[in-house]
Protein chains: 2
Amino acid sequence: MSSINPDRLSLTTLRLLVAVAEEGSLSKASVRESIATSAASKRLSDLELALNTSLFNRNAQGMTLTPAGESMIQHARRILLAAATLAAEMSEYREGVRGHVRILAHLSAIIAFLPEDLERFFIAHSDLKVELEERPSSRVMKGIAEGWADLGICSADAEQPGLVATTYRRDRLVLAMRQDHPLAGTGPLAFADTLSFDHIGLHAESSIFTRSLIAAREASQVLRRRIHVPGFDAVCRTVQSNLGIALIPEPVFRILGPSMNLHYEELADDWARREIVIVRRGDQQLSAAAQLLLAHLLSADQRIGDDRPSS
Amino acid sequence: MSSINPDRLSLTTLRLLVAVAEEGSLSKASVRESIATSAASKRLSDLELALNTSLFNRNAQGMTLTPAGESMIQHARRILLAAATLAAEMSEYREGVRGHVRILAHLSAIIAFLPEDLERFFIAHSDLKVELEERPSSRVMKGIAEGWADLGICSADAEQPGLVATTYRRDRLVLAMRQDHPLAGTGPLAFADTLSFDHIGLHAESSIFTRSLIAAREASQVLRRRIHVPGFDAVCRTVQSNLGIALIPEPVFRILGPSMNLHYEELADDWARREIVIVRRGDQQLSAAAQLLLAHLLSADQRIGDDRPSS
DNA sequence: ATGGCCATTCGCGAAACGCGAAGGCGGTAG
DNA sequence: CTACCGCCTTCGCGTTTCGCGAATGGCCAT
């Protein structure tokens, strides 16, 4: 009924706990943790007393986990990992870093826009640090809503309640192909006219894939799709190998296409113009560092900046 | 350079930290945490000393977070949440629970198989507790690989290195429709012959959706798909409302279909027979409770039980 | 039977912790 | 301009916690 006082947990006890579990013996664990075995024993038995549950089975060979102990160390490991992450991050502050911003972004932005924007940001703010993680658009939204990061950058298609989205950039999808492809040089294309060729694309969660499925359905045709690859560079190499054509953002093509001698054609469809947004949680204020970064990103040349609630 | 000693962190300090951040004042926070303000002040300044970083800006109105402080409380909240979860779970052991098993499962299994299997399991093991969480198949695999749960149940299509998969059940996908639908009563169907009707389905990450996309492509046709809904019950209600037909597992149909007066037709395609597997990590031993549950699930009547590595 | 390995208990000293009182600093009201 | 008020910090003291080493008892293999 009554819950254990969570303050009773000390991180050293948790470390000791996993050490004992891993070493199989209290004495070995205590040398590993640089503590007298007597002290270690006391810590553990005090913990078990407070929990009113035995965590280990004792015998002459050492200590093995009880079921309760197994649950315990799973949580313990998780907590210790979080604590270590915290410690690492804080030590960066000590060495001059003045702010952390966590970003989730979809692949297009990471390849097309973010590097330059972040580079210019770091010139002005060498004391800030940004952690950037790639996710498909829908999971960017979820991640922000769940508090895993401060800012999210993704296509505006996905939706999630409780978030505020601000337009960041607009881009266009273009069709990448080999220079000797039949479609090369035939001018702006309707997506429907490309459906007789094999398409290459990212994983099924990507917004480009989702969007092209819808378009194919509207054209009452099927999307031929033999190959999924993990990144735009892989997409382009696959196109280069004559395995198909691919729908990619125009800025991405400008970066990857020329060096692989690829050709591109514009897409005439409306939905080829995409809106890329920066999302943040609506219910709590951004940290100063995140505000700085947000302001910087929105002040980039293509800035639009109309705020609006998402969903 | 050198990292802060993580043992320096005590959970009470972390709790105090978020209290101060939320209350905006050390004195208010100290009454909330039932501690003298002097002691609270000491805890915080000791922490800042150890970190060699200031976490708060002090002024006459109270205390506000510095950038470092903002990072800190994000981690602190996460750690405290984990600690509270741990405490809650451990208190269950104190009240007689003898083991915990965490399961990730895809929707089909949760609706079709798991309830009965778990029910019989609990009759034999009333002292064990199971935490069940729904995820699409691909994320079940990931979750197990990352150690978020002990056992995963999902379709065998997805793959992930480092996991061991055991066949759990086999099921078939059938086509659910209204009794007055044109396809009703026309005998076993080829999936390709159903593509001229609107399909209803789960979200895009579901393995059924992925599979039917492939099948549509192989038939060189498009999958008409107007509606995504969040669960099988919603799928069936949508079918009932004459918005389309739906591909669902046969056991799910048996549960939901009759009460909604729906009709079903078998699917002749090979891929309609699906294999549902139980996956677990290959690199570490299961807890005793998880072993029990695994054995129980595999001893169900349809048991197959051929072990093999995944990926 | 005996020695090795293992965990626990005990007493003592040191360090950490919490508390209340006193002090300094900055706004604000009269 | 001064007096006050709220806020955080510092200080000294008593209590509690913590860690250590030595001694104890159990189990197993030789």
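Sequence lines set the chain letters: A, B, ... in the order given, protein chains first and strands last, and positions in each chain run from 1.
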In whole angstroms, the gap separating C1' of dC8(D) from CD of Glu48(B) amounts to 12 Å

Between dT9(D), dG19(D), dG26(C), which nucleotide gets closest to the side-chain atoms of Arg43(A)?
dG19(D)

Do the rings of Phe113(A) and Tyr168(A) sit parallel, tilted or perpendicular, given the 30° and 60° boundaries?
perpendicular

Using a 4.0 Å heavy-atom cut-off across all strands, classify Ser25(A) as base, sugar-phosphate, or nothing.
sugar-phosphate

Write down the distance between NZ (Lys42(B)) and C1' (dA15(C)), rounded to a whole number of angstrom.
10 Å

Side-chain heavy-atom pair Leu151(A), Leu293(A) within 4.5 angstrom cut-off
yes

For atom CG of Leu49(A) and atom C1' of dT17(D), their distance in whole Å:
15 Å

Testing dG27(C), dC11(D), dG21(D) for proximity to the side chain of Ser38(A), the answer is dG21(D)

Return the value, rounded to whole Å, for the distance between atom CG of Leu11(B) and atom P of dT17(D).
17 Å

Nearest-nucleotide check on DNA chain D, Lys28(B) vs Ala60(A); residue mapping nearer the 5' end is Lys28(B)

Specify the separation, in whole Å, of atom CG of Asp46(B) and atom P of dT9(D).
11 Å

What is the distance, to the nearest angstrom, from the CG atom on Asn57(B) to the C1' atom on dC25(C)?
16 Å

Just checking Ser27(B): base, sugar-phosphate only, or nothing, at a heavy-atom cut-off of under 4.0 Å?
sugar-phosphate

Does Glu146(A) CD have over 12 foreign heavy atoms under 6.0 Å away?
yes

With sequence neighbours excluded, what pairs up with Arg77(A) under the side chain to side chain donor-acceptor pair (under 3.5 Å) test?
Glu22(A)

Categorize Ser45(B) for me: base, sugar-phosphate, or nothing, with a 4.0 angstrom heavy-atom threshold over every strand shown.
nothing

Ranking dT9(D), dC20(D), dC28(D) by distance to the side chain of Met63(B), first place goes to dT9(D)

Whole angstrom value for the distance that separates C1' of dA29(D) from CD of Gln61(A):
10 Å

With no hydrogens and no angle check, is any side-chain donor or acceptor of Arg139(B) less than 3.5 Å from a backbone partner on Ser137(B)?
no

Kindly point out which of dG20(C), dG19(D), dC8(D) is positioned nearest to the side chain of Leu26(B)?
dC8(D)

Hey, does the side chain of Arg58(A) come within less than 4.0 Å of dT8(C)'s phosphate (OP1/OP2), counting only N and O?
yes

Expressed in angstrom and rounded to an integer, what is the separation of Leu16(A) atom CG from dC18(D) atom P?
13 Å

